[in-house]
Amino acid sequence: MEIAKAYDPKTAEESHYQRWEANGCFAPEINEDPAAPTYSIVIPPPNVTGSLHMGHALQHTIMDVLTRWKRMQGYRTLWLPGTDHAGISVQRKVVEQLKKDEGKSPLDIGREEFVRRAWAWKEQYGNTINEQMRREGASVDWSRHRFTMDESLSLAVRNVFCTLYSEGWIYRGLRIVNWCPRDKTVLSDLEVKEENKKDGKLVYLKYPVKGTDRTITVATTRPETMLGDTAVAVNPSDERYSDLIGRTVELPLTGREIPIIADEYVDAEFGTGAVKITPAHDPNDYLVGERHGLEQLLVMNEDGTMNAAAGKDFDGIDRFAARTMVIERFEELGLLEKIDDYEVSLPICERCKTVVEPILSKQWFVKMDEMRDIALELMRAEGVPHFHPQVPHEKVYTAWLENLKDWTISRQLWWGHQIPAWYDDEGNVFVARTEAEAKEKAGRKELKQDQDVLDTWFSSGLWAFSTFGWTGEATDQLTANSSQLTAETKTDLETFLPTDVLVTGRDIIFLWVSRMIMLTKKFTGKKAFEDVVVTGTVLAKDGKPMSKGRGNGVDPIEMFDKFGVDATRVYLASIATGADIRWNDSGIETYRNFANKIWNATRFCLMNSENAAVDHASLMDRSALSLPDRWIISRLNQTAMDVNRSLSRYEFHTAVSLLYHFVWDDFCDWYIELKKDEINSGDVDATSRILTILEIALRMLHPFMPYLTEELWLKLPGTSSQMHAKVYQNAEATIMLAAFPPGDASAVDQDAEAEMQLVIDTIRRVRNIRTEMNIKPSDRVAVHVAAAAEQQAILAANEAQVLKLARADKLVLAETLDVPKATAKAVITNAEIAVPLEGLIDFDKERERLQNQINKLDVELQRLNGQLSNEDFVNKAPAEKVEALRSRKAEIEQQTATLKTNLEALN
RNA sequence: GCCGACUUAGCUCAGUGGUAGAGCACUCGCUUCACACGCGAUAGGUCAGAAGUUCAAAUCUUCUAGUCGGCACCA
């Protein structure tokens, strides 16, 4: 069979995905047994404006590994893909496009037209990440792809809103919220990030106290808000100001007169001990205002400019320009006391980096206290979700829940789920799924729908169940009597919820994961998922998070082009420990090389495969198996068991490491080398066996390296759909439906492993002698081994292999050595190795070699002696530990004695 | 301010009580008929520092230092 000398990932990547998809291999229905156990994962829906970044690639790799592994195990498997509608991001893109192409604003074209264009934008650009996922090899069921604004998911949103409203969990109220003046919308606390600014200023303003010649000084980082001050507060016990309480100040620049009040909120120690109170522009001031019945004076517009209430001079001025103006005016009036440098932390809009303005606004909120209890109860009673790694995520999650504040869910956007609330002329609100129902409730009056839409995370919070068809309508097949349903009649909702695992980054545990847990439980009574795998962050080479701003990102698509999809996937899996990790090109090269190694190992097996074929029976007849066969079968089964265990614990890096070492070290470096002569000589049985070992290895590798393994598996003679797991018997042959090797404990053969160790050690010591004594690779040597009869027999049975790999032409086995003085020697467990080097040996060098071996053993001997002479150790340590050290000590002493004898013999 | 994580070979990282590991880089030798994206052989760590628990600590506890993260506050 002709097969290229090096693996070219492109070929494999282009040929298999389409066929898998077309054959329905990704859909759970490929599984012929409707009663098979299920395994389901919903994807954290990427932003529809987004393209694939390294975080996606990492998480998708993990999800695909799990999905393919479970599918191969015969589970009825579903990995459900989809995207979210990304309210703010899409809105911004469409606004920009509109301005650029037509010079128009959204208001110019109206809401209906704007939404139409947003859909058009989504249709045109929203598919990028889906195509990239195909390239990744993601085995998602595209027939179940969901979008948060799909009709069914939107119906679910409306029903959830109505239910929560009718139960009093959703309310509309006037609160201080986070306002982004650039996006002109409110944001939830989680969408605002604090940023420390060292170059901030603390401005001290003097307010004249009415009826006196005194002033009272307040300090502020936002001087422009003084235009909205409605009081000055001091601590009631602050004697400096006690005589001023109850008086008023004449608020400069405004002509307004505001009271001086006393409130415990004020810290007399901080600043001047007097605080300006702006109830409409600061959350703490808002509370003070509530306590004292102060006016809430809003002085800012939604775009961050000051409004008419700020005064004629400031009306329409941007907030930062107004800040400068206020300072200047105070200076002119002689009322600016001083300006101090001050480190401030500014709230920043997570998406657009604009400084967020705390502002009084009427918004919709979800009350979180009862919601929180749902999640805490799940964690308390069942420990759900199980976080992997548990530390630190479980603790952070729980702590966050305990301090949860209400969630602002309205957004001043047009793209999204418009809030299903209608108002009559008097401002009465009617919440209903449809306008018709609202009118019904209102007595058929003319109503106007709320202009706001819901937070995108509100709809993604339903993702775990709305994606499976839950709409909140009476027609939903829900859980109550699902036990009466047969497997065939169960809906997706009954079949796949709860999902098995959620794989995500830590940045959206609060934003999304926690809300999904609460909402899923509330509306379906089920858990959203049992486990949450929290991946670390893939950092750039500089140790910082990858970001467009820094320009330090690594594009997964470029990595696919450069190293191949499979290599990238295995590399990502190898770093999936839960900890953050720096991107490292040499790491990914390792797995490019690994892919090539697998390719070439297969190439070798296929070069001589005439008449041979994959044949699982060929491994069963123990009497026909040689030592290397028994050994590799033992290693194979041990590896399979360990890989399964690692995957079940989400220890992806361990699984990769096990597979890497099995394939490269055990299979390629030893097994292939040991069997080479047999294979090359056309031994059909030997070739069938090696093909079979390889075939099983490819299956284990498949979840990590889907393209390479499929490409090679299909080339192996004898592979067919007969090798599929039994629930996929009628599908077209593909490795992705082959049974995942479970590993067989009874095939693990400790004797074979010990015997092989003797062969390996013998070969290694001879190679070592050759290198250190500068023997040319082309020169053959004689190998003498002194050992007991049992060891002699093992080596005798593998003489050809030892000779070949040690590049020797003679193997002499005896109880004791009979060699000339000019001989290099070494000791291994249960044997002594000697290589006569007449005329070639450098006696000084051989002395040095022997002395080095003695020295190394001596270091270990010292330590063993130390431990064994410690009575506490001997008395208290487990007996088998003590015994192990004793026997190791005896061995070392014996080996040292031999080496010393040999050293003396050279003199 | 509170909470947490991390600190192991030159680099990037595994390793949750019993002889310190990997990949890459480095050194030496190989056009050995699957693979130079390779083969063979070496070298390289008082596991951040200190104290404690234990027969035994990279691993458990406490403290210190440094790095990073989350939360809170911020007139």
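Letters go in sequence order (proteins before strands), and every chain restarts at 1.
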For the pair made of CG in A:Asp542 and P in B:rU12, what is the distance, rounded to whole Å?
12 Å

Within this structure, what is the CZ-to-P distance between A:Phe662 and B:rA22, rounded to whole angstrom?
19 Å

Rounded distance (nearest 0.5 Å) linking atom CZ of A:Arg240 with atom CD1 of A:Ile216:
9.0 Å

Give the table of side-chain donor-acceptor pairs shorter than 3.5 Å for residues 773-780 of chain A, with sequence neighbours excluded, one pair per line with atom names and distance.
none

For nucleotides B:rG40 and B:rA48, find the distance between their P atoms and express it as a whole number of Å.
33 Å

Is a donor from one side chain sitting under 3.5 angstrom from an acceptor on the other, for A:Glu589 and A:Asn593?
no

Tell me, please, which residues at least two apart from A:Trp599 pass ring pair (Phe, Tyr, Trp, His ring centres under 6.0 Å).
A:Tyr7

Quick test of your reading: applying side chain to side chain donor-acceptor pair (under 3.5 Å), list the pairs with at least one residue in residues 662-674 of chain A, sequence neighbours left out, ordered by first then second residue.
A:Asp629-A:Tyr671, A:Arg635-A:Asp666, A:His661-A:Asp665, A:Glu673-A:Lys676

Those residues of residues 567-579 of chain A lying under 4.0 Å from RNA chain B by at least one heavy atom
A:Thr577, A:Ala579

Residues 873-887 of chain A side chain polar contacts: donor-acceptor under 3.5 Å, at least two apart:
from: A:Asn875; atom 1: ND2; to: A:Glu871; atom 2: O; distance (Å): 3.1
from: A:Ser887; atom 1: OG; to: A:Ala884; atom 2: O; distance (Å): 3.2

In whole angstroms, the gap separating C1' of B:rA22 from OH of A:Tyr660 amounts to 9 Å

Give a yes-or-no answer on whether the side chains of A:Lys889 and A:Asn865 include a donor-acceptor pair shorter than 3.5 Å.
yes

When the P atoms of B:rA58 and B:rG18 are considered, how many whole Å apart are they?
10 Å

B:rU16 and B:rU8, which share atom name C1', separated by this distance in whole Å
15 Å

Heteroatom pairs (N/O) under 3.5 angstrom, protein to nucleotides 53-55 of chain B:
from: B:rC55; atom 1: OP1; to: A:Lys876; atom 2: NZ; distance (Å): 2.7
from: B:rC55; atom 1: O2'; to: A:Asn870; atom 2: ND2; distance (Å): 3.1

Nearest-Å distance once atom P is located in both B:rC55 and B:rG49:
25 Å

Fill in the dot-bracket string of RNA chain B, one character per base: . for unpaired, | for a pair to another strand, ( ) or [ ] for pairs within the strand, taking Watson-Crick or G-U pairs under 3.5 Å.
((((((((.[[[[.)..(..]]]]..((((.......))))......[[[[[..)....]]]]])))))))....

Should A:Val396 and A:Ile509 count as side-chain neighbours, where that means a heavy-atom distance under 4.5 Å?
no

Enumerate the salt bridge (Lys or Arg N to Asp or Glu O under 4.0 Å) contacts for residues 389-403 of chain A, please, sequence neighbours excluded, ordered by first and then second residue.
none

Between B:rA43 and B:rG4, how far is it from one C1' atom to the other, in whole Å?
39 Å

Which residues pass the ring pair (Phe, Tyr, Trp, His ring centres under 6.0 Å) test with A:Tyr397, sequence neighbours left out?
A:Phe387

Taking only residues two or more places apart in sequence, or in another chain, which ones meet A:Glu610 in a salt bridge (Lys or Arg N to Asp or Glu O under 4.0 Å)?
none

Atom-pair distance (CD on A:Glu860; C1' on B:rG18), nearest Å
13 Å

Euclidean distance for P, B:rC63 against B:rA20 (whole angstrom)
29 Å

Identify whether any heavy atom of A:Lys776 sits under 4.0 Å from a base atom; if not, whether one sits that close to sugar-phosphate; answer base, sugar-phosphate or nothing.
nothing

Distance between P atoms of B:rA5 and B:rA14 (Å, rounded)
15 Å

May I ask you to verify if any side-chain N or O of A:Arg582 is less than 4.0 angstrom from the OP1 or OP2 atom of B:rU12?
yes

Consider only side-chain N and O atoms of A:Glu191 and A:Ser188, and report whether a donor and an acceptor are under 3.5 Å apart.
yes

Write down the distance separating the C1' atoms in B:rC47 and B:rA57, rounded off to the nearest Å.
11 Å

Side-chain N or O of A:His661 versus OP1/OP2 of B:rG21: is the shortest distance under 4.0 Å?
no

Treating primed atoms plus P, OP1 and OP2 as sugar-phosphate and everything else as base, which nucleotides of nucleotides 64-75 of chain B get B, S or - for protein heavy atoms under 4.0 Å?
------S--BBB

Just how far is it from atom OG1 of A:Thr590 to atom NZ of A:Lys597, taken to the nearest 0.5 Å?
14.0 Å

How does protein reach along nucleotides 27-41 of chain B, written 5' to 3' as B (base within reach of a heavy atom under 4.0 Å), S (only sugar-phosphate), or - (no contact)?
-----B-BBSBSSSS

Are A:Asp580 and A:Arg506 within salt-bridge range, i.e. N to O under 4.0 Å?
yes

Nearest whole angstrom, please: distance from the P of B:rC13 to the CG of A:Asp585.
14 Å

Is the ring pair A:Tyr591/A:Tyr660 parallel, tilted or perpendicular, if the boundaries are 30 and 60 degrees?
perpendicular

What's the CD-P distance between A:Glu402 and B:rC3, to the nearest Å?
15 Å

What is the distance, rounded to the nearest whole Å, between atom CG of A:Leu864 and atom P of B:rU19?
10 Å

